[in-house]
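What follows is a single structure, written as structure tokens, with notes after it.
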Amino acid sequence: MGVRGKAMTVVGKNIPHDSARGHVTGESIYVDDVPFARNELLVDFFWSSVAHGRIRSLDTTAACGVPGVVALYTYADLAHNLFGPIIKDEILLAEDVVTFIGQPIVVIAAETREALRRAKAAIKIDIEKLEPVFTIDEARRRKQFIGPTRHIARGDVNAAFASAENILQGTWRNAGQDHFYLESQAAIAYPGEFDAISVLSSTQNPSEVQEVIAHVLGLPINKVVVTTKRMGGAFGGKECQATHPAAIAALVAHKTKRPARVAYNKDDDMRVTGGRHPFQNDYKVAFTNDGLITGLQVDLYSDGGAFADLSTAVMGRAMTHVDNAYFIPNVQINGTVCRTTLPPNTAFRGFGGPQGVATIENIVEEIACYLKRDAVEIRMKNCYGVDDRNITPYGQTVKNNLLPRLFAETIERGEYQKRRQAVTEFNAQSKTHLRGLACTAVKFGISFNTKFLNQANALVNVYLDGSVQVSTGATEMGQGVNTKIRQLVADEFGIDIDMVMLMPTSTEKNNNTSATAASSGADLNGSAAVDACRKIKARLAEVDRGRNLPWRELVQAAYRDRVSLGDRGFYSTQGIDWDVDKGCGTPFLYFTQGCGISEVEIDRFTGMMRILRSDVLMDIGKSINPGIDRGQMTGAFVQGVGWLTTEELRRTPEGDLLTHSPTTYKIPNIQDLPEIFNVDWIENDANTVNIRSSKAVGEPPLLLGISVFMAVKNALSYVSNGAIPKIDAPATGEEILMRLTAYRHKPTFVSS
Ligand code: MOS
């Protein structure tokens, strides 16, 4: 209830995104839109053009002499070079060894871009080449791993295999994905008095940027302020890897006492930053003749790249999502991160969840193929129950499980059975095209697997005209978190939404914040903001003494009574726990669930695939902002489809990325959308554990893009002469064509 007993009215409404107008008119300010300060320097870095090597000599004399060059720095200019969010194995600037192409070696500060370019060309370096490692297989052969192999186990898989009616095994691989945020990595650092430094950063994680800058410069954390107004997309790519440009800019500002700006161009950004982890997963599954899964062993291997970054946490989420929607009584899941000589892979929307979920969805599709049954039947048979068969391999009970209902409703709304028949008939009759249909599910755990990250603080200030400023640790990357928090605060005070303004995220106002990540930005920070509002409201209620003063008068009365009109809120998620060594616990506060049906059509001569129709039906609790949530569902689904079908990172044999621009790296565009695209959610008021009974929605719908990939696999099953069609991700047109060709020439062809 509002202070004056006014009903809550804004939550649940389609309040336009904060940036809706600003992005279109150009009024929205991004880091590199900030006008240049007097004396400001441009900063770039000279990087390794060798994937693995030892630096024999480095000569920057000529580069120093380039007109307009102000300074060059190496690791020797840093107080500390070593850092890392989980495992401290990362160096900001290469020392004697380089471990990926794009690794920064020398920081250059100059007056002009031309001077930067010429300085880079003038740096003389001699690198002795060492053996690079570009594949998971090679890393496994060399036992080059990041962190220990982790395990989640339940029951007795060996007994399940020993008594199995059927066993299938194989390997499923997915490639990486570039974040392709429209705003590249960028930061500006401003030197302050007495070594203070202030940084504008396009980051999901201002506190981490602050901490790393303080660390590498040898300053106490309180000397550094990091501010983030908004990002032009992030998708996980600015959770850790925004730190490097910010730290480099800060180094220059700190040393030269001049403002310093770093803004990667798109090509450089794609080459030097990591992306989604490629995975290679060996599986063995036992199941009955009826298609009931009785045992599953999966050995997950990811390509972590050269440094740990968040790879071990990403693997943790992959491992806790291998079960997805399915109850599997006997399970053994092992997860190993491989170290290669490629840019460190990092957080990417879904954070390992998509790789885990795609693995089991692929397995279920193969079981259906093998048993000559419809995959949807196998899925529903193995689906988590509502009252029983509802405990995950890691011991968490799936509460308020809506998956059986979501399957049933999606199948009905999507006219699955009718279309299955139509697809079968089409494939029997068409000589030119091939269709496929698949229904997959998502059960995405909400909360950071790392317990301590599940906390947030907020600062709420009420001014004398009744207007309100809110600051939280949440960063706006286009997902609409600021709009949702505005709605929550407006309702809490019972005031008009226009009275509430979200301020830039700043470490000065909110300390030790977690990254805006794991889909939990609105959950955590919205809850913290509401906590602050409630403290203020409690004091205002005493001032009001039942007089029912209008908001503005009440605020002024409180001020005259010398009652504080600002407060700090705090929130920490209760009831979650995770033992990473034992692989068990209750890591998630709740699950966001959904189902998706996709139908694809493939040109039998070219392999070109288009999506005829997709139906996405989810449980997102009570939506705080339906328009924003619909946008998240639509965009995430399409991003998932891109990962699995068209986006392909190609490298030279030396490991240099060739696909570093939109001309060679194919993200989905409007023509790649499903021709019919139904996005909807069911009513669910029961998620009372979360703010206003809402559910997180940023990542989960991405995993329904897997339905498109499985529809491709399903299409291939119509021409594979009875064999299980094997296809890895991405299922590009070329990849599909190669499968089709193989089936034509070798009737019983099965590749691994
Ligand atoms: Mo997100 S992939 O948890 O930044």
Side-chain angles (χ1 to χ4, degrees), residues 85-86 174 176-181 183 185 201-209 228 230-244 273-279 302 304-305 308-321 337 344-358 442 444-456 473-481 505 513-525 573 576 578 587-589 591-592 632 635-637 639-640 642-643 647 695-703 705:
I86 301 170
N174 71 267
Q177 182 179 25
D178 189 88
H179 299 90
F180 220 95
Y181 29 69
E183 181 208 21
Q185 305 277 1
S201 170
S202 179
T203 177
Q204 289 170 254
N205 199 346
S207 285
E208 184 173 307
V209 171
T228 303
R230 64 165 63 76
M231 285 158 279
F235 308 114
K238 296 173 183 173
E239 192 175 332
C240 284
Q241 302 202 355
T243 301
H244 309 71
T273 65
R276 187 183 297 286
H277 289 74
F279 271 66
S302 71
D309 195 288
L310 291 165
S311 292
T312 50
V314 168
M315 178 54 80
R317 184 162 284 267
M319 293 170 71
T320 49
H321 283 72
V337 180
N345 285 314
T346 188
F348 194 140
R349 205 174 192 175
F351 204 81
Q355 292 96 321
V357 166
V442 61
F444 197 84
I446 303 300
S447 295
F448 290 95
N449 282 57
T450 307
K451 182 177 173 181
F452 69 80
L453 294 175
N454 295 289
Q455 59 172 309
T475 55
E476 178 62 51
M477 60 194 89
Q479 84 281 42
V481 67
T505 312
T513 57
S514 297
T516 303
S519 299
S520 62
D523 289 18
L524 300 176
N525 294 281
T573 311
I576 50 169
W578 178 242
F588 306 119
L589 183 62
F591 295 96
T592 297
Q632 286 294 300
F637 179 89
Q639 194 165 35
W643 166 51
E647 296 182 39
K695 282 195 174 186
V697 72
E699 294 166 294
L702 184 139
L703 289 78

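It should be emphasised that the depicted structure is a prediction, and the values quoted were computed from it without experimental measurement. For ligands, and for the atoms within them, numbers begin at 1 and follow the listed sequence.
- Checking each of His179, Glu699, Gln177, Gln639 against Arg349 for a side-chain hydrogen bond (donor to acceptor under 3.5 Å, both in side chains) leaves exactly one that passes, namely Gln639.
- In terms of heavy atoms, Pro700 sits closest to Ser519 at CD-OG, 3.6 Å.
- Ser207 and Thr513 form a side-chain donor-acceptor contact under 3.5 Å, judged by distance and modelled atom types alone.
- The aromatic rings of His321 and Phe444 sit tilted, their planes meeting at an angle between 30° and 60°.
- Contact residues for ligand 1 (protein heavy atom closer than 4.0 angstrom to any ligand atom): Gln204, Gly236, Glu239, Ala347, Phe348, Arg349, Phe351, Ala517, Ala518, Glu699.
- By the side-chain contact (heavy atoms from CB on, under 4.5 Å) test, Asn345 pairs with His277, Pro278, Asp303, sequence neighbours left out.
- Taking CD of Gln204 as the start and OG of Ser514 as the end, the distance is 12.5 Å to the nearest 0.5 Å.
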